Amino acid sequence: MEYKFIKTEIREKVGLITLDRPEVLNTLNERTLWELADAAENFDRNPNIHALLLQGSEKAFCAGLDVKEFSERINEFNNILETFKNCFIRIHKIRKPVIAAASGYVLGLGAELLMCADIILASDSFRLALPETSLGMIPGLGVLNKLIKNIGKAKAMEMALCERAILGDEAEKAGLISRIVPLPDLFDEAYKTAAKAAQAPLFAVLAVKESVCFEENFENTKGIEDAAMRNKLIINTEEFREYIRNFNRQNK
C-alpha cells in the first residue's frame, strides 16, 4: 500500500522505513505511527528481508508528538492513546533486527520509537529528551524501561521530570546507542550495518534477536500497558484538557 507520512524501500535483504514529515520535524500523529507499525510488520513477514532500517532526517529523527493535531482532536484522546499503545506493542514485537539512524532531535515519542531499535547509529547532533511532563503526561511506551536499565533511576528520573537531554557522547557511553557516526556518513553506514546484519541465514538472525530480547526482557509489554493506563487516567481529567488547550494556544 502507499503511505502518506513515511517512505519505504527494499534494498537487497534490508527493508528501509524513512519518516517523511520534515515540515514538522517528523513528529508522530496517529496515522504516521500506524503506517510505521504496518510497514514494519510487512517487512517482518517478507521472507526475503532479514533486517529493517529506520531513519528520519538530518535535522530530526523524530521530535515527538504532533501536539497541534493532538490538541485539535481533544475529544478523541482515548482512541488516539489506544492506537499509540497498540502500535508500539506491534513494533516491539518485530522479530527481525531493527537498525536505526538517528540525527538531531529525538524527543518524547521519538525516543520511544528509537528505543524499539536493536542497533542505533547516531550523528554528533543527536539529542534525546523526554518533554512529556511539560504536556502533563508521562513517557510510557517502552523508553523508561530502557533508560532505567542503561543510565539508572536517578538520570532517568531527571530526564522524565526535568527534561534533561542526553547528547551523543553520553548516550554512547551509557550503551543507549551503538556508536556515533559523522553526519555525512550516517545513513550510508546505517545501511551497511543493516546489510551486514542481514547476511546470516534468516533462522539465525531471528534466533539472535529472540535470545537477546529474552535476556533483556525488553519485549515484556506490561510496562507499556501500565503507562498507557496512567496516561488514560490523566487525559480524562478536565484539568489536563484545559492544560493542553492553553499549551497549544501559547505555542502557536
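Positions are given from 1, in the same order as the sequence printed here. Being a predicted model, the structure only gives us computed values, none of them experimental.
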From the list Thr32, Thr18, Asp38, Thr8, side-chain hydrogen bond (donor to acceptor under 3.5 Å, both in side chains) with Tyr3 holds only for Asp38
The test is side chain to side chain contact (heavy atoms under 4.5 Å, CB included); show your working for Leu19 and Gln55 and say whether it passes.
CA-CA 6 Å; Leu19 287 159; Gln55 58 190 23; over 6 Å; no
Any donor-acceptor N/O pair, Asp20 side chain to Lys4 backbone, under 3.5 Å
no
Heavy-atom neighbours of Arg164 CZ exceed 12 at 6.0 Å
yes
For the CE atom on Met229, are there more than 12 heavy atoms of other groups (residues, nucleotides or ligands in this structure) within a distance under 6.0 Å?
yes
Does Arg11 make a cation-pi contact with Tyr191 (under 6.0 Å, within 45 degrees of the axis)?
yes
With the 4.5 Å side-chain cut-off for hydrophobic clustering, are Ile177 and Leu109 part of the same group?
yes
Got a donor-acceptor contact below 3.5 angstrom from the Ser125 side chain to the Gly104 backbone?
yes
Starting at CD of Glu82, measure out to NZ of Lys232 and round the result to the nearest 0.5 Å.
4.5 Å
Under 4.5 Å between side-chain heavy atoms, counting indirect links through other Ile/Leu/Val/Met/Phe/Trp/Tyr residues: same cluster for Val98 and Leu128 or not?
yes
Stepwise salt bridge (charged side-chain N to carboxylate O under 4.0 Å, His left out) test for Glu41 and Lys93
CA-CA 9 Å; Glu41 287 180 335; Lys93 289 183 175 179; over 6 Å; no
Report the C-alpha separation of Asn42 and Asn46 in whole Å, then their side-chain angles, then the decisive distance to 0.1 Å, and conclude whether the side chain to side chain donor-acceptor pair (under 3.5 Å) test is met.
CA-CA 6 Å; Asn42 285 337; Asn46 187 330; over 6 Å; no
Mark yes or no for whether Asp124, through its side chain, and Pro182, through its backbone, hold a donor-acceptor pair below 3.5 Å.
no
For atom NZ of Lys68, decide whether the heavy atoms of other residues, nucleotides or ligands shown that lie under 6.0 angstrom number more than 12.
no
Check the pair Lys155, Glu170 against salt bridge (charged side-chain N to carboxylate O under 4.0 Å, His left out), reporting the backbone distance first and the verdict last.
CA-CA 11 Å; Lys155 286 188 176 182; Glu170 186 177 1; 3.1 Å; yes
Counting neighbours of CD on Glu72 that are heavy atoms of other residues, nucleotides or ligands and sit closer than 6.0 Å, is the number greater than 12?
yes
Check step by step if side chain to side chain contact (heavy atoms under 4.5 Å, CB included) holds for Met115 and Leu176.
CA-CA 8 Å; Met115 291 299 109; Leu176 280 175; 4.0 Å; yes
Is there a path of hydrophobic side-chain contacts, each under 4.5 Å between heavy atoms, that joins Leu16 and Ile49?
no
Are Leu107 and Leu114 linked, directly or through intermediate hydrophobic residues, by side-chain heavy-atom contacts shorter than 4.5 Å (ILVMFWY only)?
no
How long is the straight-line distance from CZ of Arg95 back to CZ of Arg45, given to the nearest 0.5 Å?
12.0 Å
To the closest 0.5 Å, what do you measure between CG (Leu36) and CZ (Phe88)?
8.5 Å
Between His50 (side chain only) and Ala200 (backbone N and O only), is there a donor and an acceptor less than 3.5 Å apart?
yes
Under 6.0 Å from the ring centre and within 45 degrees of the ring axis: does the NZ or CZ of Arg127 meet both conditions for the six-membered ring of Tyr105?
no
Is the number of heavy atoms from other residues, nucleotides or ligands under 6.0 Å of Glu239 CD greater than 12?
no
About how many Å separate CD1 of Ile89 and NE2 of His92, when rounded to the nearest 0.5 Å?
8.5 Å
Run the side chain to side chain donor-acceptor pair (under 3.5 Å) check on Thr83 and Arg31 step by step: do they pass?
CA-CA 9 Å; Thr83 298; Arg31 172 72 187 191; over 6 Å; no
What about Leu186 and Ile99, same hydrophobic cluster or not, with Ile/Leu/Val/Met/Phe/Trp/Tyr joined at side-chain heavy-atom distances under 4.5 Å?
yes
Between the CZ atom in Phe61 and the CG atom in Leu25, the distance rounded to the nearest 0.5 Å is 13.5 Å
Under a 3.5 Å distance rule, please check whether Glu112 uses its side chain to pair with a backbone N or O of Val143 as donor and acceptor.
yes
CE on Met137 to CG on Leu81, rounded to 0.5 Å
6.0 Å
